[in-house]
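Each remark here refers to the structure printed beneath this line.
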Amino acid sequence: MKLDSKEIENNLKSFLEGEVFEDEKTLETYSHDASLLEVKPEVVVFPKNVDDIKKLVKFVAENKKDNPNLSFTARSAGTCMSGGSLTESIVADVTKHMNHLGEVDGESIVTEPGVYYRDFEKKTLSSNMILPCFPASKNLCALGGMISNNCAGERTLRYGKMENFILETKVVFADGNEYIVKPLNKTELQAKISQGDFEGEIYKKVYNLVEENKEVLEKAKPKVSKNSAGYYLWNVLNKNKEGEEVFDMNRLIVGSQGTLGIVTQAKLRLVQEKKHHDLVALFFKSWDELPQVVKAILPFEPESLETFDEDTLKLGIRFMPAIAKRAGSGFLPFVMQFIPEALIGVEMMGMPKLIILVEISENTEEEVKAKVEKVVSAIKPFKIWHRVIEKDSEENKFWVMRRESFSLLREHMGDKRTAPFIDDFCVSPDRVPEFLPRALKILKDSGIDANIAGHAGNGNFHIIPLMDFTKESERAKILTVSEKFYDLVGEFGGSITAEHNDGIIRTPYLNKMFSAEVLELFKKTKEIFDPHNIFNPGKKVGGTKEYLNAHIVKR
């Protein structure tokens, strides 16, 4: 039976414990995330618990035949920059009710997807533990989105991405049942496969897909340190410390943007927060020496190597009062903290083109000081300036500027807005000086201004253009620039998205990274888990440039 929006709403209200809305104000709110897209849903649901998620999945599955566009998209904080949480059908916001957080248990903790990271971090830090893969949006994002996008951030250089911290999940698959997903040895895997039910068939088909295409997948695996593009089929089969083969489907579910099933709970590995840290700020007159400097520093295991460019620094100066406020400081005391950097600028005879923040963290102050000395010694051969910063308050001024730069852009650019669409490339760090001028020329030739910040140690940078989307001529640049930019990323053997994932904005460009054969494997993966395409369609597979173009905001 064909259902309109009101009938869908009434049906859902009849069996869900959580709230269901179809009013214009709610639909308008959920038509947007942090991307440059606008997609209006039919209904917004706030599921009360796992049973509501199961009922939602079963409802969509049962009515899909008569309503081909009916689908289910889970959403947490709505901070996705790729449009991953946008849909024309049912949105389920898990932050209102599914936000329960367990206690720290040794080196792990159990969380629901609607928990905000800022609350999660308070809990873990009270036990001196942390989930170190947090993104720059750590004060805004939630765990569901972090898992969905395979998040990463300033500490990923040392600790890796979210995929390295998932010990176990609970997932509702397309049959409407919740299953525990955890690493399996060969015997456990065979037991799963022999079940012969829906869950067993998933394990059987995924195992066969991976086993039969080992060489193809190994070749397809991105040769960069960070990637969120495609389905990570190459990660499913691994070996543990004892050399035993392990099948871990969480390595596939993480980063899948809710297209394979709905994660309802996750057990996450934590690491001990280092007690002592110092910051070494490096100031460059050009990007040319960046690869050699990074190579010289990496052996000392820095916690992070964060980068921002001259334009981001100018932005920080322009909005210094707002940054001071976000740093919890008065304006004048905050400005006074930058006197040493101003003196370095005089010495450099101008503003630095590039700043790198080298965070050194260890359990003892002696270890930190020894490493800082080694870093300072290692950078002596290069024509760069540096400053060792030991006070947390002074370190914070840089971190706030780095983390808040794009938020400030969104809030203060008047007729222009931030336009994240080529915002997350990753190439080998030694090729950055060669890549960036060509990448920026593509933008310049199209009349687009942009700011750059990112993770120098990984070769992962964020380019955020500023554009006026009230003009059709500006909106028209998105597809043209994307085509050229991702061709360039492909030429350099990089990833079109290291952290922010594919979503609506990049799914049509996965062919720039992967062969037709690999894209077909992605399609088969989606079909194995979700044969009727009920979970978040149009992301990872099935996305088109036409759909992308039709949903770019016009304001």
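These values consider heavy atoms only, across backbone and side chains, with no hydrogens, waters or symmetry-generated copies.
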Decide side chain to side chain contact (heavy atoms under 4.5 Å, CB included) for V50 and M98; before the verdict, give the C-alpha distance in whole Å, the side-chain angles of both, and the deciding distance to 0.1 Å.
-> CA-CA 8 Å; V50 175; M98 298 185 67; 4.1 Å; yes
Test side-chain hydrogen bond (donor to acceptor under 3.5 Å, both in side chains) on E38 and H32 and set out the steps.
-> CA-CA 5 Å; E38 182 173 39; H32 306 273; 3.2 Å; yes
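- Side chains of Y117 and T111 form no contact here, defined as non-hydrogen atoms less than 4.5 Å apart.
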Report the C-alpha separation of F529 and M249 in whole Å, then their side-chain angles, then the decisive distance to 0.1 Å, and conclude whether the side chain to side chain contact (heavy atoms under 4.5 Å, CB included) test is met.
-> CA-CA 11 Å; F529 284 87; M249 211 146 63; 3.8 Å; yes
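- Contact between G176 and K58 at its shortest, heavy atoms only, is O-CE, 3.5 Å.
- Dense packing is recorded around NZ of K96, with more than 12 heavy atoms of other residues, nucleotides or ligands lying under 6.0 Å away.
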Kindly determine whether F120 and F134 satisfy ring pair (Phe, Tyr, Trp, His ring centres under 6.0 Å), including the steps that lead there.
-> CA-CA 11 Å; F120 178 93; F134 58 81; over 10 Å; no
Check the pair K48 / E19 against salt bridge (charged side-chain N to carboxylate O under 4.0 Å, His left out), numbers first and verdict last.
-> CA-CA 8 Å; K48 191 82 172 177; E19 301 85 356; 5.4 Å; no
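- For K524, the NZ atom sits in a loose shell: 12 or fewer heavy atoms of surrounding residues, nucleotides or ligands are nearer than 6.0 Å.
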Worked check of side-chain hydrogen bond (donor to acceptor under 3.5 Å, both in side chains) between N177 and D175 = CA-CA 6 Å; N177 293 315; D175 65 342; 3.1 Å; yes
Expected list for residues 78-85: side-chain donor-acceptor pairs under 3.5 angstrom, two or more places apart:
from: S82; atom 1: OG; to: Q257; atom 2: NE2; distance (Å): 3.3
from: S82; atom 1: OG; to: H500; atom 2: O; distance (Å): 3.4
from: S85; atom 1: OG; to: D33; atom 2: OD2; distance (Å): 3.2

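- Rounded to the nearest 0.5 angstrom, R506 CZ and M513 CE are separated by 11.0 Å.
- Put simply, the side chain of L268 reaches to within 4.5 Å of the side chain of M162, judged on heavy atoms.
- Looking at every heavy atom in both residues, S148 comes nearest to G258 through OG-N, 3.7 Å.
- In this structure, the side chains of L131 and L143 come closer than 4.5 Å at one or more pairs of heavy atoms.
- Here the side chain of K55 pairs no donor or acceptor atom with the backbone of E17 at under 3.5 angstrom.
- Other residues, nucleotides and ligands contribute over 12 non-hydrogen atoms within 6.0 Å of the CD atom of E527.
- Here the shortest heavy-atom pairing between N149 and S228 reads O-OG, 3.1 Å.
- Using a 4.5 Å heavy-atom cutoff, the side chains of S35 and L86 are in contact.
- Looking at K13 and E9, a side-chain N of the basic residue comes within less than 4.0 Å of a carboxylate O on the acidic one, giving a salt bridge.
- Enclosure of atom NZ in K182 is not indicated, since only 12 or fewer non-hydrogen atoms of other residues, nucleotides or ligands lie within 6.0 angstrom.
- In this structure, the separation between SG on C151 and CZ on F165 is 9.5 Å, given to the nearest 0.5 Å.
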Step by step, work out the ring pair (Phe, Tyr, Trp, His ring centres under 6.0 Å) result for F425 and F485.
-> CA-CA 9 Å; F425 72 89; F485 194 93; 5.8 Å; yes
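- Between F21 and F46, the angle of the ring planes goes over 60°, which puts this pair in the perpendicular group of the 30/60° scheme.
- With rounding to the nearest 0.5 angstrom, the CZ atom of F308 is 10.5 Å from the CD1 atom of I356.
- Looking at heavy atoms from C-beta onward, L3 lies in side-chain contact with F59 at the 4.5 angstrom threshold.
- Between P47 and V94, the shortest heavy-atom contact is CG-CG1, 4.2 Å.
- Taking the six-membered ring for Trp and the full ring otherwise, F461 and F435 have centroids separated by 6.0 Å or more.
- Among pairs with a residue in residues 248-263, those fulfilling salt bridge (Lys or Arg N to Asp or Glu O under 4.0 Å) read E163-R251, at least two apart in sequence or across chains.
- The residue from I534, I53, T87 that alone fulfils the side chain to side chain contact (heavy atoms under 4.5 Å, CB included) condition with F72 is I53.
- The aromatic rings of F522 and F514 sit perpendicular to each other, their planes meeting at more than 60°, with 30° as the lower class boundary.
- Residues T259 and Y231 approach most closely at OG1-OH, 2.7 Å, considering heavy atoms.
- Among all heavy-atom pairs drawn from W234 and N227, the shortest one is CZ2-ND2, 3.9 Å.
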Can you check side chain to side chain contact (heavy atoms under 4.5 Å, CB included) on L548 and Y509, steps first, answer last?
-> CA-CA 11 Å; L548 158 59; Y509 298 98; 4.1 Å; yes
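- Salt bridge E28/K40: absent, no basic N to carboxylate O contact under 4.0 Å.
- When the options M129, K138, E273 are evaluated for a side chain to side chain contact (heavy atoms under 4.5 Å, CB included) with E121, the one that passes is K138.
- For R158 (side chain) and E303 (main-chain N/O), no donor-acceptor pair under 3.5 Å exists by modelled atom type.
- Ion pair K540/D502 flagged as a salt bridge, since at least one NZ, NE, NH1 or NH2 atom sits closer than 4.0 Å to an Asp/Glu carboxylate oxygen.
- A salt bridge is absent between E499 and K161; no separation between the charged side-chain nitrogens and carboxylate oxygens falls under 4.0 Å.
- Atom-to-atom distance recorded for E24:CD and T29:OG1 is 10.5 Å, nearest 0.5 angstrom.
- Applying side chain to side chain contact (heavy atoms under 4.5 Å, CB included) to F421 and the options L37, I464, I478, I463 leaves one that passes, I478.
- To the nearest 0.5 Å, atom CG of residue L466 and atom CG of residue D449 are 6.5 Å apart.
- How far CD1 of I552 is from CG of L36: 6.0 Å, rounded to the nearest 0.5 Å.
- Of the possible donor and acceptor atoms, none in the side chain of D530 sits under 3.5 Å from a partner among the backbone N and O of K526.
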Using the side chain to side chain contact (heavy atoms under 4.5 Å, CB included) rule, take L56 and I262 through it: C-alpha gap first, then chi angles, then the decisive distance, then the call.
-> CA-CA 11 Å; L56 272 167; I262 307 301; over 6 Å; no
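- Side-chain N or O atoms of E112 include one that pairs as donor or acceptor with a backbone N or O of N99 at under 3.5 Å.
- For the pair K512 and Y486, the cation-pi test (distance below 6.0 Å, angle within 45°) is failed.
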